[in-house]
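This report concerns only the one structure given below.
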Amino acid sequence: MVTGGTRGIGAAVAARFRAAGDEVVAVGRAECDVTDEDAVASFFAGLGPVDVLVNNAGISTSAPLARTQLADWEAQLTVNATGAFLCTRAVLPGMSSRDCGRIVTVASVAGRVGFRYTSGYTASKHAAVGLMRAVAAEVAGTGVTSNAVCPGYVRTDMTDQTVRRIEERTGRDGEAALAAMSPLGRLLEPEEVAFAVAFLAAPEAGAVNGQTLVLDGGGVQ
Ligand code: NDP
């Protein structure tokens with residue numbers, strides 16, 4: 001089950017699992033708004049057993065802290081952190097009773113370190129990582145694991161918006177500016193994130209729990 005699976009990283013994750021022969025449900029806002037408690041509960045109730053939950057749905061905005069609107073702060077916390085909480089809560093009892101399951105949260109390098117002009121996004125991704133770790137502590141020693149991938153900038157619609165904002169404000173090449181901010185020196189491709197998600201979701205990854213797998217070429221270690 002992949003939230004935010006209609007585009008970008010979520011679509012690449014869904015494609016990777018499908019190519020491996022897995023039955024994949026990948027949905028966007030229209031099918032299951034992860035911020036809506038009742039919608040999440042009824043969606044998951046209709047799904048049946050979930051082997052792998054990928055908490056991928058996310059939004060981002062950027063502004064210096066002093067110009068950050070409360071509505072933008074709250075929207076990011078609600079989608080990126082509360083959404084992961086609601087979906088995780090929906091699948092965990094079933095995974096625990098079957099003693100089998102994988103929860104993989106698509107966080108961000110902003111879930112590990114602070115970046116300027118992204119206070120709401122950074123706080124929401126730290127919250128998502130905190131949730132992932134708390135769940136990992138609860139399921140430790142069982143057949144369920146909870147982990148996160150933490151990518152740098154990935155070539156998706158979300159990053160396109162950032163590229164455009166940089167170009168409008170500075171006149172510089174936005175993609176080159178983002179690439180230069182990363183030790184990797186380029187954007188990640190969605191398929192590279194999907195590979196990391198598939199690794200954490202694999203049956204053989206049962207000893208990996210409570211971890212953040214950073215995909216930034218070596219900047220955050
Ligand atoms: P996109 O903007 O390309 O896609 C976002 C996806 O999330 C869409 O499928 C969208 O659905 C879905 N979504 C948004 N809000 C909700 C909601 N309330 N309920 C359900 N689904 C929702 O994003 P990316 O693929 O770039 O990002 C995916 C995840 O990866 C996010 O959590 C993001 O923070 C994280 N990430 C992204 C990075 C990047 O550089 N792009 C870097 C690090 C992490 P719909 O199509 O219906 O709107």
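All heavy atoms count here, side chains included; hydrogens, waters and symmetry mates do not. All residue numbers in this chain count up from 1 along the given sequence. Note that ligands are numbered from 1 as they come in the structure, with each ligand's atoms numbered from 1 the same way. Computed from a predicted model, the values in this text were never measured in an experiment.
- Taking OG1 of T35 as the start and CG of L86 as the end, the distance is 8.0 Å to the nearest 0.5 Å.
- Side-chain contact between T212 and M132 is present, with heavy atoms from C-beta onward closer than 4.5 Å.
- Protein residues with a heavy atom under 4.0 Å from ligand 1 are G4, G5, T6, R7, G8, I9, G28, R29, C32, D33, V34, T35, N56, A57, G58, I59, V79, V106, A107, S108, Y121, K125, P151, G152, Y153, V154, T156, D157, M158, T159.
- Cluster membership check: V13 does not share its hydrophobic cluster with V79, using side-chain heavy-atom separations under 4.5 Å among Ile, Leu, Val, Met, Phe, Trp and Tyr.
- Counting heavy atoms from C-beta on, the side chains of V50 and M95 come closer than 4.5 Å.
- Side-chain polar atoms of T82 and T78 form no donor-acceptor pair below 3.5 angstrom.
- The only member of V197, T145, L213 that meets side chain to side chain contact (heavy atoms under 4.5 Å, CB included) when paired with V104 is V197.
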